Amino acid sequence: MPGFVEPELARIVEVPAGGNLWVHEIKFDGYRMQLRVEKKRAILLTRKKLDWSHRFPEIVAEARALPDCILDGEVAALDARGISNFGDLQLALSEGKTAGLVYFAFDLLFLSGRDLRGVPLTERKGQLEVLLKERLPHATRIRYVEHYESSGKEMLEAACRMGLEGVISKRADAPYRSGRGNDWTKAKCRGGQEVVIGGWRGDANNLRSLLAGAYRDGQFLYMGRIGTGYNVKSAGELLRKLKPLEIPRPAFANTKDVPRAHDLHWVKPKLVAEVEFGTITAAGILRQASYKGLREDKTAENVVFEAQPAAEEKTAKERKSKTKNPTHRAIAPGNKGLTIAGVPISNPDKALWPETEDSPAVTKADLCGYYDMAADRILPHIAGRPLSVVRAPDGIGGEQFFQRHVLPGLEKYLKPVAVSGEEKPYLSIETAQALVALGQVAVLELHPWGSKRGEPETPERLIFDLDPAPDVVFDTVIAAAKDMRARLIHLGFMPYVKTTGGKGIHVGIAIRGVPRKPVTWDEAKAFARDVCLAMEADEPGRYTTNMSKKVRGGKIFLDFLRNARTATAVAPWSPRARAGATISMPLPWSKLRAGLDPTQFTIPNAPKLLRGADPWADIDKTAVNIEPARKKL
DNA sequence: GGAGAGA
DNA sequence: TCTCTCCAACGCTAG
DNA sequence: CTAGCG
């Protein structure tokens with residue numbers, strides 16, 4: 001068996017080669033590793049021949065089942081979308097949590113006494129695939145990397161659309177040659193990104209930051225500010241070029257995304273700048289962007305925003321198809337005038353929740369039907385209280401927005417609530433018909449205040465939001481909810497529990513003051529905070545009340561801020577704008593047992609779920625004076 | 001999804 | 001008449 | 001102090 005084989009390296013190219021001489025693989029963002037198995041002993045070597053076996057014990061353990069061989073591949077961490085992510089990999093390594101890492105094997109250099117470096121790539125990969133399939137059929141930490149024969153350009157475009165890092169292309173017939181040659185190429189999705197300057201912040205002689213944009217679907221979209229990377233000289237040069245281009249209004253189509261400031265100047269989108277940046281946020285805004293210089297050779301129209309969140313892409317597509325089919329307004333044909341609870345439903349067949357692996361698509365008609373069916377359950381929790389709603393007229397893949405004021409056009413169904421200190425009345429409803437009307441305008445989530453009915457200034461219900469970090473399993477959240485229940489009972493309350501419709505749990509209690517002295521919001525919030533702080537203090541390893549540290553693993557975030565004036569929590573029985581059309585499901589404590597799967601509570605399952613009594617039916621009758629509990633705490 | 005502003 | 005734009009707001013925390 | 005996040 002040969003000693004350490006210097007890895008074959010790829011040359012950077014703008015666009016991958018085409019033609020059937022080439023095959024293409026997804027580029028993984030991880031550590032290149034040579035996996036060597038000799039006499040049932042497996043080791044992993046870096047490209048510099050360092051032995052990193054101890055860092056990836058799970059991979060090494062699985063590899064021991066292989067016969068003598070040398071594999072080439074990449075260790076990577078996959079995020080929730082199945083995309084390799086270098087940040088996650090480093091995090092996993094620094095915390096020693098390597099169990100989720102995967103070795104992606106893409107080449108076989110030696111097998112059972114035979115040096116395969118001289119045989120063509122596709123043949124090596126063929127043997128590799130067979131080897132892994134036969135010897136490691138159940139392996140989870142070692143995977144074979146498929147290749148594709150489509151044109152390299154298409155492949156790169158597809159990879160970039162999916163948010164992948166890029167494409168590795170390889171000569172199908174070439175032997176394995178160590179070092180950087182011409183047989184392997186890599187094309188990155190964003191190498192040296194360019195942006196168009198749409199304005200600047202500062203004044204005629206002072207450049208504070210540049211406002212960047214790019215084209216998408218023919219629209220010029222704001223992409224964030226660039227506040228670093230230029231010096232006095234280049235800033236002066238930029239200003240000289242910007243001033244003649246100044247226009248009175250922004251050219252950005254998404255002006256609402258542009259942060260407001262008094263010293264903004266707009267320019268015609270002509271100048272192309274090269275920038276470097278850390279990442280792009282889900283909203284498409286550059287993070288840590290830095291100016292590298294002007295690209296005189298490029299025209300603004302060619303600067304298109306490629307990598308984009310999947311959801312955005314869908315919206316754009318839907319928008320396109322919508323404009324193509326002329327919209328039918330008054331004459332609403334197609335779906336023979338469906339009416340639910342006396343409310344005409346437009347586009348009843350529109351899928352607001354797309355189909356998923358284990359749940360059918362949920363249409364607007366399904367949503368309105370659910371509201372009608374569940375109105376008796378939902379209304380007691382929202383009637384007489386200000387109600388914020390989440391709307392998504394184009395479904396959960398499209399734009400979503402909160403709305404708290406009265407919805408124009410729906411006045412006849414609503415019971416607006418005046419909230420002191422607010423100009424416009426707040427949304428509130430009292431009837432099943434109004435609920436269905438909300439469904440008609442694509443209200444997917446209901447978030448009421450925790451106030452007493454008809455008294456926005458008096459808190460009556462506290463919600464403790466147990467929000468687990470991504471790596472916390474649901475059983476752990478269940479245990480936390482029981483812990484919280486015990487504490488609240490000890491304080492004299494009658495706690496109720498429901499799923500949030502996501503990965504968390506809500507524990508709710510009803511509270512009251514004494515006859516002449518109602519509880520104030522400040523008192524309610526302070527009390528909720530104290531309960532959570534006590535819990536955190538007792539078991540800091542399990543709980544945190546710190547919002548941002550939440551990202552750092554293993555703990556459950558106790559969110560007491562749900563209990564401030566104007567704050568809301570999702571209502572019992574409310575659907576969620578999440579995959580699968582889950583609902584926030586009220587449960588009797590006896591049903592909250594380990595193994596419970598919160599994703600089973602969905603709109604399609606509603607008929608089943610609505611059988612029997614509402615576990616939260618009596619919550620408002622169990623209000624307890626918080627004064628003794630505050631003293632106890 | 002629907003209203004109002006703007007083109 | 002068609003197209004675009006708006007639809008919350010507040011506390012926390014890191015930088 | 002503010003941008004970003006939840």
Side-chain angles (χ1 to χ4, degrees), chain A residues 201 208-209 217-222 224-225 227-228 249-261 278-279 281-283 285-289 318-319 322-323 326-330 332 343-348 350 352 364 367-368 386-395 398-413 419 421-424 426-427 437-445 447 449 465 467-470 500 502-504 521-522 525-526 528-529 532 544-552 557-570:
Chain A
R201 187 170 175 210
R208 290 183 65 182
S209 59
D217 299 328
Q219 289 190 318
F220 183 55
L221 296 182
Y222 175 72
R225 288 190 294 198
T228 182
R249 313 210 132 268
F252 298 113
N254 54 343
T255 36
K256 63 167 183 167
D257 293 345
V258 182
R260 315 213 174 284
T279 51
T281 67
I285 302 295
L286 303 181
R287 270 207 191 120
Q288 300 140 12
E318 276 167 14
R319 202 173 288 144
K322 203 164 149 189
T323 43
T327 37
H328 25 245
R329 292 246 163 91
V343 181
I345 308 299
S346 67
N347 292 318
K350 183 181 228 175
L352 297 179
K364 190 132 78 78
L367 172 68
C368 293
L387 178 70
S388 296
V389 296
V390 172
R391 295 181 57 199
D394 294 317
E399 186 199 7
Q400 296 183 18
F401 52 89
F402 264 80
Q403 207 154 346
R404 64 178 358 179
H405 297 114
V406 163
L407 288 79
L410 262 58
E411 288 87 350
K412 65 171 180 170
Y413 300 112
V419 173
E422 292 281 329
E423 292 270 294
K424 292 195 285 181
Y426 275 37
L427 172 64
L438 291 182
Q440 153 60 20
V441 295
V443 166
L444 268 48
E445 299 191 357
H447 297 246
W449 286 27
D465 180 10
D467 191 0
T500 60
K503 291 176 174 171
W521 282 109
D522 280 348
K525 190 176 98 176
R529 187 195 59 212
C532 294
T544 177
T545 58
N546 181 314
M547 298 174 85
S548 70
K549 260 191 281 185
K550 181 189 167 196
V551 250
R552 284 219 307 267
F557 173 51
L558 304 176
D559 183 2
F560 55 84
L561 291 166
R562 302 268 66 85
N563 300 294
R565 193 183 111 102
T566 76
T568 62
V570 75

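Everything quoted here is computed from the prediction, not taken from an experiment. A note on names: the letters A, B, ... follow the listed sequences, proteins ahead of strands, and every chain is numbered from 1. Every heavy atom of this structure was used, including side-chain atoms; hydrogens, water molecules and symmetry mates were not.
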Distance-minimising heavy-atom pair for A:Ala567 and A:Leu561: CB-O, 3.4 Å

Quote, to the nearest angstrom, the C1' distance that separates B:dG2 from C:dG11. 32 Å

Looking at A:Asn347, does any N or O in its side chain come under 4.0 Å of the phosphate oxygens OP1/OP2 on B:dG1? yes

Of B:dG1, C:dC12, D:dA3, the nucleotide closest to the side chain of A:Pro393 is B:dG1

Would you measure the distance from the C1' atom in C:dC12 across to the matching atom in B:dG1 and give it in whole Å? 34 Å

Check every strand shown and say whether A:Ser388 touches a base, only sugar-phosphate, or nothing at a heavy-atom separation below 4.0 Å. nothing

If you compare every side-chain N and O of A:Asn254 against the phosphate oxygens of C:dT5 (OP1, OP2), does one of them come in below 4.0 Å? no

Could you state the CG-P distance from A:Asp394 to C:dC4, rounded to the nearest angstrom? 14 Å

Distance in angstrom units between A:Leu410 CG and B:dG2 C1', rounded: 9 Å

Output yes when at least one side-chain N/O atom of A:His405 is less than 4.0 Å from OP1 or OP2 of C:dA8, else no. yes

Counting just side-chain N and O atoms, does A:Lys364 come under 4.0 Å of either OP1 or OP2 of B:dG1? yes

Evaluate side-chain contact (heavy atoms from CB on, under 4.5 Å) for A:Val389 paired with A:Val441, printing each intermediate quantity in order. CA-CA 11 Å; A:Val389 296; A:Val441 295; over 6 Å; no

Which is more 5' along DNA chain C, the nucleotide nearest A:Thr568 or the one nearest A:Ala253? Just name the residue. A:Ala253

A:Met547 CE to C:dT13 P, in whole Å, measures 8 Å

Residues in ring pair (Phe, Tyr, Trp, His ring centres under 6.0 Å) with A:Phe401, at least two apart? none

Residues two or more places apart in sequence or in another chain: which of them pass salt bridge (charged side-chain N to carboxylate O under 4.0 Å, His left out) with A:Arg225? none

Quick one: on DNA chain C, does A:Arg529 or A:Arg391 contact a more 5' nucleotide (nearest heavy atom)? A:Arg391

Do A:His447 and A:Val390 have side chains that get closer than 4.5 Å, going by heavy atoms? yes

Using whole Å, report how far CD of A:Glu411 lies from C1' of B:dG2. 11 Å

Take the protein atom CG of A:Leu558 and the nucleotide atom C1' of C:dC12, then report the distance between them rounded to whole Å. 15 Å

Value in whole Å for how far the C1' atom of C:dA8 lies from CD of A:Gln400: 14 Å

Calculate the interatomic distance between A:Phe220 atom CZ and C:dC4 atom P; express it in whole Å. 16 Å

So, are A:Asp394 and A:Lys350 salt-bridged, with charged N and O less than 4.0 Å apart? yes

Of the candidate nucleotides D:dA3, C:dC12, C:dA8, which contains the atom at the shortest distance from the side chain of A:Lys424? C:dA8

A:Asn546 side chain, from C-beta outward: closest of D:dG6, C:dA14, C:dC7: C:dA14

Below 4.0 angstrom from OP1 or OP2 of B:dG2, is there any side-chain N or O of A:Gln440? yes

Which nucleotide in the list D:dG6, B:dG1, C:dC10 gets nearest to the side chain of A:Thr566? C:dC10

Please determine whether a side-chain nitrogen or oxygen atom of A:Lys350 lies at a distance below 4.0 Å from atom OP1 or OP2 of B:dG1. yes

Nearest to the side chain of A:Val441, heavy atoms from C-beta on, is which of B:dG1, C:dA8, C:dC12? B:dG1

Atom NE2 of A:His447 and atom C1' of C:dC10 are separated, to the nearest Å, by 16 Å

